Amino acid sequence: MQSLILRTATRLLVSLILVFSIYLLFSGHNSPGGGFSGALVAATGFALYTIAEGPASVRRAIRIDPRRLIVFGLALALASGLAAVFAGKPFLTGLWWTVAELPDYTLVLGTPFFFDVGVYAIVLGTILTIILALEES
Amino acid sequence: MTAMESMLLKGVTEAVLIFLTLAILFAFIRLVIGPDPADRIVALDLISVLIVAYLGALSIYTGERAFLDVAIAYALIAFLGTVALARFRERLAKKSRNDETHGEG
């Protein structure tokens, strides 16, 4: 579809949607959001990009095959679960590291975050595979 | 915020929610009777904009910040829905035009 209005609006919106999806991924720990819904929002952005510019430019934009994204996500989720096993705790137990001690609060990073990033990659990879396959057929 | 102000805020947001519900109802009537698919797509887009406004008002009414996240996500995604429906309609029109000029098949 060659529409100047749609392409211009999409260029503005896709970046906004992707930033919001990252925000959802990070805020998912103690408020609505998380890896799954963040990835769905990101996939919406790429779907919009596919409609406006075509599947070939989406493939150029994401650089890697979406199926590799699924493999990467599964590996990251598994690794975050196994990290607890190596620490001598049950599988998928959350481990937390203190990254920085600030005057008002401490910044911690844990394995649940990496699990969430893994979920994000799996969902985004799956939906991108479906969208691109449907558009290219 | 004084008691008077919070009471005023509650009343105003209640009125806003009622009027937005009525607006969604009217848009829904257009969605049902709309003779042309294009009318239905516009009605659907209007409903999604009204839902975003409703979520904003609901966020003020309940004091729940999470509704604002939902409103942002919905506003971004509703655009995709309208665009996809418009493209579907365009394809349908192109197909029927081809069928008319080339006869059957």
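Here the structure is a predicted model, which is why all the values come from computation and not from measurement. Each chain gets a letter, A, B and so on, in the order the sequences are listed, and its residues count up from 1.
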Check: Which residues from residues 18-26 of chain A are near chain B, with near meaning under 4.5 Å between non-hydrogen atoms?
Finding: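 Only A/Phe20, A/Tyr23 of residues 18-26 of chain A have a heavy atom under 4.5 Å from chain B.
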In terms of hydrophobic clusters joined by side-chain contacts under 4.5 Å, are [X] and [Y] together?
X        : Y       : answer
B/Val52  : B/Leu31 : yes
A/Phe114 : A/Leu74 : no
B/Leu17  : B/Ile24 : yes

Check this for me: [X], atom [atom1], are more than 12 non-hydrogen atoms of other residues, nucleotides or ligands nearer than 6.0 Å?
X        : atom1 : answer
A/Phe86  : CZ    : no
A/Phe113 : CZ    : yes
A/Leu102 : CG    : yes

Next item on the list: Determine which pairs satisfy side chain to side chain donor-acceptor pair (under 3.5 Å) with at least one residue from residues 39-55 of chain B, sequence neighbours left out, and list them in order.
Entry: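 Pairs touching residues 39-55 of chain B that pass the test: B/Asp45-B/Thr82.
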Next item on the list: Test A/Leu13 against B/Leu80 for side-chain contact (heavy atoms from CB on, under 4.5 Å), laying out the working first.
Entry: CA-CA 10 Å; A/Leu13 264 177; B/Leu80 175 76; over 6 Å; no
Notebook entry, point to check: Hey, what do you get for CD (B/Glu90) to OG (A/Ser3), rounding to the nearest 0.5 Å?
Noted result: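 Between B/Glu90 CD and A/Ser3 OG, I get 8.5 Å after rounding to 0.5 Å.
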Notebook entry, point to check: Which is it for A/Leu6 and B/Phe79 under the side-chain contact (heavy atoms from CB on, under 4.5 Å) test, yes or no, and what are the steps along the way?
Noted result: CA-CA 10 Å; A/Leu6 180 65; B/Phe79 181 69; 4.1 Å; yes
